[in-house]
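If you're wondering where the values come from, they're calculated on a predicted model, not measured in any experiment. First listed ligand is number 1; within each ligand, the first listed atom is number 1.
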Amino acid sequence: MHVVNVSLGERSYDIVIGVKLEELGSRMEGLRTGKKAAVVTNPTVNKLYGARVLRNLSSAGFQAMPVEVPDGEQYKTLDWANAVYTALLINTFDRRSPLVALGGGVIGDLTGFAAATYMRGVPFIQIPTTLLAMVDSSVGGKTGVNHPMGKNMIGAFYQPRLVFMDLDTLRTLPKEEFLSGMAEVIKYGVIRDRELFDYLDKNREKVLGLEPGPLAHVIRRCCEIKAEVVSKDEREGGLRAILNFGHTVGHAVETVENYTRRHGEAVAIGMVYASRLALRMGLCDAGLPERVEKLIRDYGLPTDLSVLKRRPSVTELFDAMQVDKKAEGGKVRFVLPKKIGEVVITKEWDEGVLREVLEK
Ligand code: NAD
Ligand code: GLY
C-alpha cells in the first residue's frame, strides 16, 4: 500500500493506493463524518463492486445507501446532479453526511459536484475504478457536469477528503478503457518525469498485463506528480495547466467527433501533434516527437488524425479549439515539450505553422 498526500493546508487529504475495498470503512471512520453515507455509482460498477462497498460500510457502522446514475458521459448533467440531491433530501442527509463516488471519471465528476453544492458542501470520498480516474480525475478537486453547449462547463473546485484505490478493480475494466487511461499516464512522463517515461517503455508488457508491482508503481508516480502540481497551483493559475498537455488538439478531436471517442484516445492524438508543433517551433529535438509517438503507439493508442471516422478540415479543428480560447480569455495556450520530462506553456505559437502540422 502507498499513501500520497495532497498538501492543501486544512483541505489536505490522502490518496491511498493498493488497498482492498474491505478497508474503506475503517479509513472513513478516521474522517469523522456523519454516519449516513450515499454511494453514488452506475449500474455497471454497482453490479461489480456495490455490494462489497455497502457491506463494508455498514459493518463499520455507517448507514450506507446506493444512488444509481445511468452509465455514460451523457448523464453527467445538472439533471442527474439534481436526481442525486433529491435522493439525499428524501433520505434526510445532512451537512456531515459523506458522498462516496464509486466509478470512473463520470461518476467522480458528477458526485464531486453534488458534494460541493448539496447544503453548500458535504464530505466527499473518491473510489476511482478506472485507470483514468485513478491517475487523473479523482485527484485535484475538479468536479462538474456538462452543459448542452460544452463539456465540463458547470463545476466547482472541491477537494475530496480521501481518495481510495483498490487496484484489483482494474481487472474488470474493458481493455480499451484501460488504454485510454494509459494516455494520461504517458502524459505525466512527458510533462514531468523522464524516468516514468523510460519505465513505461521498458515495462510495457508488465503494465499492460496488470502486474501488481509495476501497476502500483506507475499509478503512484502519476498521483505523486498530480499531487505536487495541484498543491502548488490548485486553481490553475499557472503550473497546473501543464496537465493539459495534449488536451488542446485532444479537445478539438473530441468535439468534431461529438464526444464519441474516449478522452484518452483524443489526448493521445493531441500529444503527438503538440510534440510536432514543438519541433517545428524549434523547442525540442527531432527525436522527441518520434519517441512520444512510438510509446503511444506501443500502448495501442491512436497517434494520427487519419484514424478519425471522418478526417476534419483544419478549419473545423481550429473552430473546435475556440471553446478553450473563450475559457482562457484570449489566445489558446499550448503545452509544448522541450524534452521528455519538461514542458512549457505558451500562447506564442504561429497559426500557419499549426495548420501545416495538422494538415500533414
Ligand atoms: P467513465 O467514467 O465513463 O468509465 C468508463 C466505463 O468504464 C464506463 O462504462 C464505466 O461504467 C466502466 N467502468 C468503470 N469502472 C469499471 C470497472 N472497474 N470495471 C468495469 N467497468 C468499469 O470514463 P473515465 O474515462 O473513467 O472518465 C471520463 C470522465 O472523466 C469524463 O467525463 C472527463 O471529463 C472526466 N475527467 C475529469 C477530470 C478531472 O480532473 N475532474 C480529468 C480527466 C477526465
Ligand atoms: N485533468 C486536468 C486537471 O486536473 O487539471
Any chance NZ of Lys47 has more than 12 other-residue heavy atoms, nucleotides or ligands included, within less than 6.0 Å? no
Evaluate Asn244 for polar contact with ligand 2, using N/O atom pairs at a separation under 3.5 Å. no
Given side chains that start at C-beta, do those of Lys331 and Thr346 come closer than 4.5 Å, heavy atoms only? no
Any heavy atom of Arg262 sitting closer than 4.0 Å to ligand 1? no
Can you confirm, on distance only, whether ligand 2 has an N/O atom lying under 3.5 Å from any N/O atom belonging to Asp136? yes
Just distances here: any N/O of Glu184 and N/O of ligand 1 closer than 3.5 Å? no
Ligand 1 N/O within reach of Thr143 N/O, cut-off under 3.5 Å: no
Does the pair Arg220/Glu224 count as a salt bridge with the N-to-O cut at 4.0 Å? yes
Does a salt bridge link Arg27 with Glu23, judged by any charged N lying under 4.0 Å from a carboxylate O? no
How are the rings of Tyr158 and Phe124 set relative to one another: parallel (under 30°), tilted (30 to 60°) or perpendicular (over 60°)? parallel
Which part of Leu170 is near ligand 1, with near meaning a heavy atom under 4.0 Å away: side chain, backbone, both or neither? neither
Say whether Lys226 and ligand 2 are in contact under the criterion: heavy-atom distance to a ligand atom below 4.0 Å. yes
Heavy atoms, side chains only, cut-off 4.5 Å: are Thr117 and Tyr85 in contact? yes
Within-cut-off N or O pair, Thr129 and ligand 1, under 3.5 Å: yes
Return the residue, atom name and 0.1 Å-rounded distance of the protein heavy atom closest to atom 38 (C) of ligand 1. Ser137 CB, 3.2 Å
Under 4.0 Å between a Lys/Arg side-chain N and an Asp/Glu carboxylate O for Glu236 and Lys142? yes
Atoms in ligand 1 flagged as close to Thr172, the criterion being non-hydrogen separation under 4.0 Å: 17 (C), 18 (N), 19 (N), 20 (C)
Establish, for the pair Arg355 and Phe318, whether the NZ or CZ atom is under 6.0 angstrom from the six-membered ring centre and no further than 45 degrees off its axis. yes
Does a donor on one side chain sit under 3.5 Å from an acceptor on the other, for Thr77 and Asp79? no
Strictly less than 4.0 Å: does any protein heavy-atom distance to atom 12 (C) of ligand 1 fall in that range? no
Identify, for atom 9 (O) of ligand 1, the protein heavy atom at the shortest distance, and state residue, atom and that distance. Asp71 OD2, 2.9 Å
Show me which atoms of ligand 1 lie under 4.0 Å from any heavy atom of Asn42. 10 (C), 11 (O)
So do the side chains of Leu102 and Thr129 get within less than 4.5 Å of each other, counting heavy atoms only? yes
Residue and atom name of the nearest protein heavy atom (relative to atom 31 (C) of ligand 1), distance in Å to one decimal: Glu73 OE1, 3.1 Å
How long is the straight-line distance from OH of Tyr118 back to CG of Leu89, given to the nearest 0.5 Å? 4.0 Å
Run the salt-bridge test on Glu228 and Lys232 with the 4.0 Å N-O cut-off and return the result as yes or no. yes
Hey, is Val230 touching ligand 2 through its side chain, its backbone, both or neither, going by heavy atoms under 4.0 Å? neither
Any nitrogen or oxygen of Glu177, main chain or side chain, under 3.5 Å from a nitrogen or oxygen of ligand 1? no
Protein heavy atom at shortest distance from atom 3 (O) of ligand 1: Val106 CG2, 3.4 Å
Contact atoms of ligand 1, heavy-atom distance to Tyr49 under 4.0 Å: 18 (N)
Say you draw a straight line from CG of Leu283 to CG of Leu288; how long is it, rounded to the nearest 0.5 Å? 10.0 Å
Short list, please: which atoms of ligand 1 are under 4.0 Å from a heavy atom of Leu48? 19 (N), 20 (C)
Nearest non-hydrogen contact to atom 35 (C) of ligand 1 from the set Asp109, Val45, Asn152, Asp136 belongs to Asp109
NZ/NE/NH1/NH2 to OD/OE distance under 4.0 Å, Arg291 and Asp198: yes
Contacting atoms of ligand 2, where contact means under 4.0 angstrom from a heavy atom of Arg240: 3 (C), 4 (O), 5 (O)
Could you tell me whether the side chain of Glu348 reaches within less than 4.5 Å of the side chain of Phe334, counting heavy atoms only? no
Quick check: does Thr169 get an N/O under 3.5 Å from an N/O on ligand 1? yes
Atom 7 (O) of ligand 1: nearest protein contact (heavy atom, Å): Leu173 CD1, 3.9 Å
Using distance alone, decide if ligand 1 has a nitrogen or oxygen within less than 3.5 Å of any nitrogen or oxygen in Thr130. yes
Under a 4.0 Å threshold between the charged nitrogen and the carboxylate oxygen, would Arg310 count as salt-bridged to Glu316? yes
Identify the protein heavy atom lying closest to atom 34 (O) of ligand 1, giving its residue, its atom name and the separation to 0.1 Å. Lys151 NZ, 3.0 Å
In the protein, what heavy atom is nearest to atom 28 (C) of ligand 1, and what distance, to one decimal place, separates them? Leu132 CD2, 3.9 Å
Of all the non-hydrogen atoms in the protein, which one sits nearest to atom 23 (O) of ligand 1, and at what distance? Gly105 N, 4.2 Å
Check Lys142 against ligand 1 and report side chain, backbone, both or neither, counting heavy atoms closer than 4.0 Å. both
